[in-house]
Amino acid sequence: VSDQKLEAAVVGASGYAGQELCKLLLGHPSIELKAVHSARPGAAAGDAPVAGAPMQSVLQADSFKGLDAVFLCTPHGVATPHVRAALDAGAHVVDLSADLRLKNQVAWEAAYGQPHPATDLLDAAVYGLVEHNRESIKGSRLVANPGCYPTSVLLPLLPLFEAQQISSTGPIIADAKSGVSGAGKAPTDTTLYHNVVENFRAYGVGTHRHAPEIAEHADCDRIVFVPHLLPCFRGILTTLYLPPAAGATEDSARAALAQAYAGEPLVKVLESGIPALRDVQNSPRCHMGVASANGSLVVVSVIDNLLKGAASQALQNMNLMLGLDEVEGLL
Ligand SMILES: NC(=O)c1ccc[n+]([C@@H]2O[C@H](COP(=O)([O-])OP(=O)(O)OC[C@H]3O[C@@H](n4cnc5c(N)ncnc54)[C@H](OP(=O)(O)O)[C@@H]3O)[C@@H](O)[C@H]2O)c1
């Protein structure tokens with residue numbers, strides 16, 4: 001059976017997103033996890049990132065030869081040489097980093113404070129927000145996997161724009177909260193246990209790198225995005241505060257979302273009530289609920305940042321590119 005499987009490698013497998021991806025691939029009926037790598041130049045072979053995965057092997061020029069699928073789970077700015085090598089080897093590629101998520105090079109360089117690493121790849125890279133870009137993803141060999149916060153904001157926001165539920169004036173507030181795994185495994189002062197537990201803070205106000213990604217893919221310059229650090233490990237809860245278009249109500253907004261996501265296997269629009277983090281932790285799904293407060297529409301979405309915000313969305317994208325059922329290995 002194993003001979004008939006498609007073959008995949010994960011680069012950056014020792015990180016939080018890479019480990020989740022390895023776990024998903026180990027249970028995938030049609031894809032075999034053949035190799036895992038560190039992306040550090042010359043990094044020695046090492047432990048398996050999760051039980052049952054192959055031992056980490058040294059990344060070499062021919063490491064991607066013969067593979068169908070390569071996932072890059074490295075920080076921004078380091079993935080693109082490996083993206084190129086994987087594409088040259090004939091593989092389909094999902095880059096989980098931010099390198100290829102923005103078409104706007106100027107906005108990317110302003111947000112990331114460095115020259116863009118691969119403007120030549122921007123045309124080929126498809127933004128992998130599956131529910132809104134499925135057909136382009138199917139025909140692609142390179143997907144830029146969306147950021148975790150952008151996924152949690154864009155999934156509830158895009159259908160409401162499309163259905164003209166949001167006023168064309170006034171701020172669109174995206175008040176987002178993430179568990180600490182969103183920051184990756186490297187410890188910082190902010191993510192130390194004693195600074196997180198029994199604490200709660202906003203950060204990156206007006207400067208967070210996900211703001212231009214949200215603005216570009218929502219095609220909207222009125223979004224006020226404020227992220228917060230929750231005292232838990234995984235999950236994002238985003239509350240959108242929206243000025244309604246004339247005639248739009250809580251019921252019409254909920255109906256627009258329900259219609260947009262009817263038949264979607266991984267997005268659930270609640271008929272009533274507001275979702276909580278626990279509903280989606282360790283799951284590849286997004287749940288959303290709608291309410292209204294003093295004339296504003298209020299929409300709450302929840303995802304697991306490491307899954308729908310990273311690894312499971314990456315696999316959903318790869319399944320589509322490989323012609324598989326998009327939820328294979330996810331449910
Ligand atoms: N965490 C999330 O919720 C989330 C959500 C969406 C997207 N992402 C994106 O996914 C990527 C991985 O995130 P993560 O949270 O898994 O990060 P992480 O836990 O910090 O892991 C990063 C991985 O990249 C490797 N790495 C770190 N610095 C490197 C460098 N300078 N050169 C080469 N390799 C390096 C690490 O290897 P070592 O073991 O050698 O350090 C590790 O395997 C990032 O681009 C992130 O923006 C993360």
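Counting starts at 1 for both ligands and their atoms, following the listed order. The residues of the chain are indexed from 1 along the displayed sequence.
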Those atoms of ligand 1 less than 4.0 Å from some heavy atom in [X]:
X    : value
A310 : 5 (C), 6 (C)
S97  : 45 (O)
L306 : 1 (N), 2 (C), 3 (O)
C73  : 11 (C), 12 (C), 22 (C), 23 (C), 24 (O)
C148 : 5 (C), 6 (C)
G182 : 1 (N), 2 (C), 3 (O)

Checking [X] side chain against [Y] main chain: does a donor-acceptor pair fall under 3.5 Å?
X    : Y    : value
S312 : K308 : yes
Q19  : S14  : yes
N195 : D189 : yes
D95  : A144 : no

Q. Same cluster for L96 and L322 if Ile/Leu/Val/Met/Phe/Trp/Tyr side chains link at under 4.5 Å?
A. yes
Q) Same cluster or not: are L277 and L270 linked, directly or through other Ile, Leu, Val, Met, Phe, Trp or Tyr residues, by side-chain heavy atoms under 4.5 angstrom apart? A) no
Please check whether [X] reaches ligand 1 - meaning an N/O of the residue sits under 3.5 Å from an N/O of the ligand, judged on distance alone.
X    : value
G12  : yes
P146 : no
G147 : no

Nearest protein heavy-atom contact for [atom]: which residue, which atom, what distance?
atom                    : value
atom 21 (O) of ligand 1 : G15 CA, 3.1 Å
atom 17 (O) of ligand 1 : G184 CA, 3.8 Å
atom 37 (O) of ligand 1 : S14 OG, 3.3 Å
atom 16 (O) of ligand 1 : A17 N, 2.8 Å
atom 3 (O) of ligand 1  : N305 ND2, 2.9 Å
atom 32 (N) of ligand 1 : V78 CG1, 3.9 Å

**Q.** Non-hydrogen atoms of M321 and L142 that approach each other most closely
**A.** SD-N, 3.9 Å
Q) Are side-chain N/O atoms of Q259 and E162 paired as donor and acceptor at under 3.5 Å? A) no
**Q.** Short side-chain donor-acceptor distance under 3.5 Å, Y127 and E213
**A.** yes
Q: Have a look at ligand 1 and work out which part of R101, if any, has a heavy atom under 4.0 Å from it: side chain, backbone, both or neither.
A: side chain
Q) Where does S181 meet ligand 1, judged by heavy-atom distances below 4.0 Å: at the side chain, the backbone, both, or neither? A) backbone
Judged on heavy-atom distance to [atom], which of [options] sits nearest?
atom                    : options              : value
atom 18 (P) of ligand 1 : R209, H82, K185, R40 : K185
atom 26 (N) of ligand 1 : A39, P75, G309       : P75
atom 9 (C) of ligand 1  : L96, T74, V10, D99   : L96

**Q.** Side chain proximity check, H116 to L100, heavy atoms < 4.5 angstrom
**A.** yes
(Q) I'd like to check N319 versus L315 (side-chain heavy atoms, cut-off strictly below 4.5 Å). Are they in contact? (A) yes
Q) So, D279 and R285, do they make that salt bridge, N to O below 4.0 Å? A) no
Q) So, for atom 48 (C) of ligand 1, does the protein have a heavy atom nearer than 4.0 Å? A) no
Q. Given the side-chain rings of Y261 and H132, with only the six-membered ring counted for Trp, is the space between their centroids under 6.0 Å?
A. yes
